[in-house]
Protein chains: 2
Amino acid sequence: MATGRTHRPATRSRGIPEATVARLPLYLRALTALSERSVPTVSSEELAAAAGVNSAKLRKDFSYLGSYGTRGVGYDVEYLVYQISRELGLTQDWPVVIVGIGNLGAALANYGGFASRGFRVAALIDADPAMAGKPVAGIAVQHTDELEKIIEDNGVHIGVIATPAGAAQQVSERLIAAGVTSILNFAPTVLQVPDGVDVRKVDLSIELQILAFHEQRKAGEEATAEAVVADAVAEAAAKDVKDTAAEQSAEAKRTAAAEAAVPSAARAEATARTESTDRKGPDGDVPAVMPA
Amino acid sequence: MATGRTHRPATRSRGIPEATVARLPLYLRALTALSERSVPTVSSEELAAAAGVNSAKLRKDFSYLGSYGTRGVGYDVEYLVYQISRELGLTQDWPVVIVGIGNLGAALANYGGFASRGFRVAALIDADPAMAGKPVAGIAVQHTDELEKIIEDNGVHIGVIATPAGAAQQVSERLIAAGVTSILNFAPTVLQVPDGVDVRKVDLSIELQILAFHEQRKAGEEATAEAVVADAVAEAAAKDVKDTAAEQSAEAKRTAAAEAAVPSAARAEATARTESTDRKGPDGDVPAVMPA
DNA sequence: CCATCTTTGTGCACGCGTTCACAAAGACAT
DNA sequence: ATGTCTTTGTGAACGCGTGCACAAAGATGG
């Protein structure tokens, strides 16, 4: 999954825990699949497997909605689909606007999952005058100037931001001022919003970085003792640099730290490689300096 | 953020909590911004504000990495950037393949955040022979047949799946067999993977559904007593249908439940509307039946 | 060198979420 | 009817994550 929950502090909504709410769409998808295959009932065990969760967790999740199962049998698929849809508010059709019709915005506009799940793209909005009028996914792009009018005329409460990072905050403010109270943010920025507005963030770069962390850990854990030692050396060297470089400029300090630490790390990696088979830093042997 | 963590059960990696790991990229981004503005040091309070988190949480997060701050002063921006980058494994350059070059895949390929953050698009792969050779984001798309060779030749460990749901599982199996151990999955499916493989899921539809839930709740909470009563009625009616329709077909049961419940819900909504000002189901008055 | 002021690092308590394990409920067969 | 078997629904224990609040550390000024 992705990251970046910016939620109201834990206002357990009508008794349904946030964690449960986040899983309901997952169950719903699994149930819809079963429904299409005309499966009449499903046990918590089966459904849990399909949704990739623990069966006890699933049962507890459902218990927050009510007692919708039958002991000894399981859950009625169609009935459960309806109950979850209703709970999630998908029995109504939500108009959504997408702001920022670049590569990503266009991809979102074309995403089929919208219409089939209770959402309708009410408008596509972009700041580039050259985009205005152009059809994307069968909908003519409108200019940002129209934003407020579009929101109000269509009674839009959910907005998707797919603009560059720089524009996101301002766009969010205009959306909110016009009546939007829920935002799905794809721009790599932390949005500052007033209370009462929900923001969910999807950040590709963050997801990849989390994967990289685990990947690095996997690569490192075969190199046990020696690597740990080498790491400690690198650590100490870096720390030392920090301590002794107290009056140097930040830039000089960073460079010094890199020089001191990187060779040790490289050594650790080399060691790891000779021990294990092929696991190594994917690109080269000496780690590059970090991005800007 | 997005949803869908499919992680190793909680193998707290080298003492760093998963929740902290998930926030490190956030801090890193805020720090990089400060770095570009040549800010030498930053306090936990300031940085926390920029990253949108509690300052105590931030300090605790950093404490897992070591004591990198200076009391009375704050944190050295450059030094911290380096430490976090190293911890996340971004001091090396990770080659990444993107499978499924549709709208979304193309958007991802064009996403600038890649290169600047330690990732490099090693290849774009698509099953459509017509796509083969076409340049997307300056890289020629390659056919799925080449998948294994590409992975192995480039030492790729991280794969991004942007295919339709139907193809995702098979693609993941091929990726894993070829050596990929971390997957970022954009396809709306739960991937079944062996132990040792990390999967993170980004699901637009799920994010929107979670927003819809909160949105519905906001709309409903102005309508207090009467709505609750009406809801209870709908609940009872639905339950009743379920009970009495025990021997009916699933399809008939669902229809009956919808008929019994929906009018009540509509009533509740109507009540809400007269009481509050303009908050209403965005599209029509009668909730549509849920998606297929 | 001492006093003061700022800011970190963390012990502690609390609450949420997860999981286990089992009793209650119902289906189904005899 | 009665017993057996399956599966739900949930009480209780546990562990992780969060946030408070404060002591320790160090900078800064006199």
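In what follows, chains carry the letters A, B, and so on, assigned in the order in which the sequence lines appear, proteins first and then strands, with residues in each chain numbered from 1. All values below come from the heavy atoms of this structure, side chains included, with hydrogens, waters and symmetry mates left out. What you see is a predicted model; the values in this text were computed from it and never measured.
The distance between atom CG of B/D76 and atom C1' of C/dT7, rounded to the nearest whole Å, is 15 Å. As rounded to whole Å, 10 Å separates atom P of D/dG9 from atom CG of A/L58. Atom pair B/L47:CG and C/dT7:C1' shows a separation of 14 Å (rounding to whole Å applied). Rounded to an integer number of Å, the gap from A/R59 CZ to C/dA21 P is 13 Å. Look at OH on B/Y64: it is 7 Å from P on D/dG17, rounded to the nearest Å. Note: OH (A/Y68) to C1' (C/dA25) measures 18 Å, nearest angstrom. In this structure, CD of A/E18 is placed 8 Å from P of C/dG17, rounded to the nearest angstrom.
Comparing B/V42 and A/K60 by the nucleotide of DNA chain C whose heavy atom lies nearest to each, the residue mapping closer to the 5' end is B/V42.
Closest contact between the side chain of B/S43 and the listed nucleotides D/dG9, C/dG17, C/dT8 involves C/dT8. Of all nucleotides listed (C/dG9, D/dG17, C/dT19), D/dG17 comes nearest to the side chain of B/P17. Side chain of B/N54, nearest nucleotide from D/dG19, C/dG9, D/dA12: D/dG19. The B/A19 side chain lies nearest to D/dT18 when the options are D/dT18, D/dT10, D/dC20.
The phosphate of C/dT8 (OP1 or OP2) has a side-chain N or O of B/S44 nearer than 4.0 angstrom. Between A/R23 and C/dT18 there is a side-chain polar atom (N or O) within less than 4.0 angstrom of OP1 or OP2. Phosphate contact (OP1/OP2 of C/dG9, side-chain N/O of B/Y75, threshold under 4.0 Å): present. For B/K57, a side-chain nitrogen or oxygen approaches OP1 or OP2 of D/dT18 to under 4.0 Å.
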| What is the per-nucleotide protein-contact pattern of nucleotides 24-30 of chain D, from the 5' end, where B denotes a base atom under 4.0 Å from a protein heavy atom, S denotes such proximity for sugar-phosphate atoms only, and - denotes neither? | BB-S---
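Residues A/Y79 and A/Q83 have side chains that bring a donor and an acceptor to within less than 3.5 angstrom of each other. A side-chain donor-acceptor contact under 3.5 Å links A/D61 and A/T20. Side-chain contact annotation: B/T91 with B/R86, donor-acceptor N/O pair under 3.5 Å absent. Side chain to side chain, A/E36 and A/T32 fail the donor-acceptor criterion of an N or O pair below 3.5 Å.
Residue contacts for B/F62: at a heavy-atom cut-off of 4.0 Å it reaches no nucleic acid atom on any strand shown.
Heavy-atom neighbours of B/Q192 CD from other residues, nucleotides or ligands within 6.0 Å: at or below the threshold of 12.
Aromatic ring centres of B/Y75 and B/F62 lie closer together than 6.0 Å.
Closest of all the heavy-atom pairs between B/I158 and A/E215 is CG1-CG, 4.3 Å.
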